[in-house]
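Inspection log for the structure reproduced underneath, given as structure tokens.
Each chain gets a letter, A, B and so on, in the order its sequence line appears, and its residues count up from 1. As a basis for the values below, the full set of heavy atoms in this structure was taken, side chains included, without hydrogen atoms, waters or symmetry mates.
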There are 2 protein chains.
Amino acid sequence: MPTDRGQAAGRPTISEVAAEAGVGRATAARTLGNYGHVSPELRKRVLAAADKLGYRANALARSMSTGVSHTIGVIVADIGNPFFAGVVRGICDASRAGGFDTIVLSTYEDLDEEIAATNVLIDKRVDGMIIASAAVGGRDVGHIKEALNRGVPVVLVDRAVPSLDLDAVVIDNRDAAREAVERLIAAGHRRIGFVWGPPMDRPPATRRELLEAASRNLWTDGERLRGYLDALDDARIPFDPDLVMVGRKLEERVTEEVARMVALPDRITALFCTETDAVTGALRALRAAGLAYPRDVALIGFDDSAWAAVMDPPLTMIEQPVHDLGAKAAQVLLDGIRGGEPVRETHTLRSRLVERASVAPPPSPPA
Amino acid sequence: MPTDRGQAAGRPTISEVAAEAGVGRATAARTLGNYGHVSPELRKRVLAAADKLGYRANALARSMSTGVSHTIGVIVADIGNPFFAGVVRGICDASRAGGFDTIVLSTYEDLDEEIAATNVLIDKRVDGMIIASAAVGGRDVGHIKEALNRGVPVVLVDRAVPSLDLDAVVIDNRDAAREAVERLIAAGHRRIGFVWGPPMDRPPATRRELLEAASRNLWTDGERLRGYLDALDDARIPFDPDLVMVGRKLEERVTEEVARMVALPDRITALFCTETDAVTGALRALRAAGLAYPRDVALIGFDDSAWAAVMDPPLTMIEQPVHDLGAKAAQVLLDGIRGGEPVRETHTLRSRLVERASVAPPPSPPA
DNA sequence: CTGTTAGCGCGTTCAA
DNA sequence: TTGAACGCGCTAACAG
């Protein structure tokens, strides 16, 4: 008596279809798998039998013998974050169009979680993976290299890892940030707050210290900080550590920090926010301080949304090609899986500064 | 000479580990699979060998023989939508905590896509699925029944399907909507716009016609409409078809429709929006018409967010327990998979009306 | 406690 | 063109 191990109820196998149709397994397999040659006559009988039994191929078994799962894995920090949700949607769309399914894993910005996630994907024998990695280089890219060693193509999305020679689909964060801050400077601002910077135990004493912390943290954040500094340098505006928020990235902390910057003797007159949560946090602080934008404080932030457009006044924001970021990453990955030449280049998509009405000259123009 | 079929480079199998350790396959399998009894001595040798070879279990092969994939499938309308992104995050969190991975598929509200998605999941032999279904009952639930027939547990999330006796995790949309509209009525409003209603070719002539269209469409939307009508009925306010938007659910269309309602001889003084896009669309229309909220038009909408709280004035919104919706659904599903009694009940989570400042009495109080 | 053996369902040679 | 037989990597009986 055969056990039922591995065979749930109501799941006919190809053998059963073959029996029903009165043909050999192989013939059934050929018709159902759409390969080889089968006489129209038998073909019809097999199809009829399959239909009658409600046959559905077991993708697992198929993957076992072909070694291909038609599945790609995606690792992002937080699937609940609208930015990543948009990217993932782009990935799903493009991969589905290419006949692939998607497994999504969230890491919450934790490298150990990220490593565990790559292992899960390796175990599940995905054909490739797309990672928005929290790794910054050095020794924390071991898991990515391992995937590569095991023959699993990897493409990076949103976050590049400079030390890794890999396909990556990103925007030019540094340039986008610089453009935004330049816009602020052009309006006459010189005291420009930066929210948020890298996690640090204590405020940086020097610019060098800040940059070092940044280089040990998220690639995107570091780039955006550099863009901010670039713009300051170009305008010969001295860097003031008091004007950057460091530490844990929480909306409430933004509110506190902006309140601090706004209470400074030589207070900020403009604010550059590197993320949506930073924008909302900043807005809270401004209101609490009885300050209005753009009259008292000008504001530009990352990640445009429908909300930013309906604020009153509407917000000037940086728009990222969220969907395209994901779609492009999936396309590059699929090309790689299909054996295209592994070019290993960085694909830089264009972001856009959407100018609306949150930027105005500072209250009292500097002397 | 064995072919390399199905065996990519650098992927040692359990047999190789066994050979390396000088033990039988089964012993290696037992240690690596953490089952049965193995002497500490051999165990150590196996582990060492596995580590040396960089062994990683092939989850596919394991699933084949156990019939369990430790993977659940999720089908939602749009993973890029912040609401669903939050739900999916809840699902991922809870299922990961239970040792399961997640495959996510988007359907874009298309029933055929949804059917295709269930087939993909069946083929991949997921252990269960969570669906936010566009099905409303009748004949379009065939795919769900089929999954059930094949022994795949299904739990519904966000959207119940009344005709189906299934576990479902939802909020009480009808009650939430009624509460919101009652709040508007309590403030003195009688001309309350409803955005958005069901897709219809032309505006409904009667209330009956509208309800019929609603019952042929998304469950959540229908419930929210009923809640709106409930509140109107309780207050003996006559239903006016001119005050509901029907047709395609696009942000731009909301803007047009709200503009229309606001230009009516007996114009609306309040607005109830069933979705975030409806809120932003409405806000656009109000601004274009030179109307301010809550002074000229009061406003309540579904799906609270950080943005709604920082608007000026801040918006009164209905908050859904997004993450919990997903987490609970995953828990119920996992219980089912683990063979808990299939209770098949509807789990109703609590939503909350977050009162802020977008509701005020109508401009000129009704006589 | 250990090793041998038989499947899981499918793709794929190879002989007929 | 067709069907029998083998292998993918693993788990689980069974025998020792």
(Q) Nearest heavy atom decides the nucleotide; on that basis, is A/Tyr55 or B/Ala28 closer to the 5' end of DNA chain C? (A) B/Ala28
Q: Assign A/Leu60 to base, sugar-phosphate, or nothing according to its heavy-atom contacts below 4.0 angstrom with the strands shown.
A: nothing
Q: Report the distance from atom CG of A/Asn34 to atom C1' of C/dC10, rounded to the nearest whole Å.
A: 15 Å
Q: Whole angstrom is fine here: how far is it from CZ in A/Arg62 over to P in C/dC10?
A: 8 Å
Q) According to a strict under-4.0 Å criterion, is B/Ser39 in side-chain N/O contact with OP1 or OP2 of C/dC1? A) no
Q | Rounded interatomic separation in angstrom, taking CE from A/Met64 and P from C/dC10 | A | 13 Å
Q: Can you tell me the distance, in whole Å, between the CZ atom of B/Arg56 and the C1' atom of D/dC8?
A: 19 Å
Q. Over its full length, what angle do the end axes of the helix from C/dC1-D/dG16 to C/dA16-D/dT1 make, each axis taken from five pairs and the result rounded to 10 degrees?
A. 40°
Q) Between A/Ile131 and A/Thr118, is a side-chain contact (heavy atoms from CB on, under 4.5 Å) present by the stated rule, with each step listed? A) CA-CA 9 Å; A/Ile131 312 183; A/Thr118 60; 4.1 Å; yes
Q. Out of C/dG11, D/dG9, C/dG3, which has the shortest distance to the side chain of A/Ser65?
A. C/dG11
Q: Please determine, by modelled atom types, if A/Thr71 and A/Asp101 share a side-chain donor-acceptor pair under 3.5 angstrom.
A: no
Q. Within this structure, what is the CG-to-C1' distance between B/Leu32 and D/dG9, rounded to whole angstrom?
A. 12 Å
Q) CZ of A/Arg11 versus P of C/dC10: gap in Å, rounded? A) 11 Å
Q. Are any of the side-chain nitrogens in B/Arg159 or B/Glu109 under 4.0 Å away from the carboxylate oxygens of its partner?
A. yes
Q) Do the side-chain N or O atoms of B/Thr66 get closer than 4.0 angstrom to the phosphate oxygens (OP1, OP2) of D/dT11? A) no
(Q) Judged by each residue's nearest nucleotide on DNA chain C, which is more toward the 5′ side, A/Ile14 or A/Arg30? (A) A/Ile14
Q: Indicate yes or no for a side-chain donor-acceptor contact from B/Arg89 to the backbone of A/Ile79 under 3.5 Å, with no hydrogens or angles considered.
A: no
Q) When we call it a touch if two heavy atoms are under 4.0 Å apart, what does A/Arg25 touch: a base, just sugar-phosphate, or nothing? A) nothing
Q.
If you compare all heavy atoms of A/Val38 against all heavy atoms of A/Leu42, which two are closest, and at what distance to 0.1 Å?
A. CG1-CB, 4.0 Å
**Q.** Closest to side chain of A/Asn58, choosing from C/dC10, C/dT4, C/dT2
**A.** C/dC10
(Q) Considering every strand and a 4.0 Å limit on heavy-atom distances, what is the contact class for B/Ala57: base, sugar-phosphate, or nothing? (A) sugar-phosphate
Q) Can you check the A/Leu53 CG to C/dG9 P distance for me, whole Å? A) 13 Å
Q: Look at the side-chain N and O atoms of B/Tyr35 and state whether any lies under 4.0 Å from the OP1 or OP2 oxygen of D/dA13.
A: no
(Q) Using a strict threshold of under 4.0 Å (side-chain N to carboxylate O), is an ion pair present between A/Arg96 and B/Glu113? (A) yes
Q) Roughly how far, to the nearest 0.5 Å, is CD1 of B/Ile75 from CG of B/Leu105? A) 6.0 Å
Q. Within this structure, what is the CD-to-C1' distance between A/Glu16 and C/dC10, rounded to whole angstrom?
A. 14 Å
Q. Taking the side chain as C-beta and beyond, is there a heavy-atom pair between A/Tyr55 and A/Ile14 under 4.5 Å?
A. yes
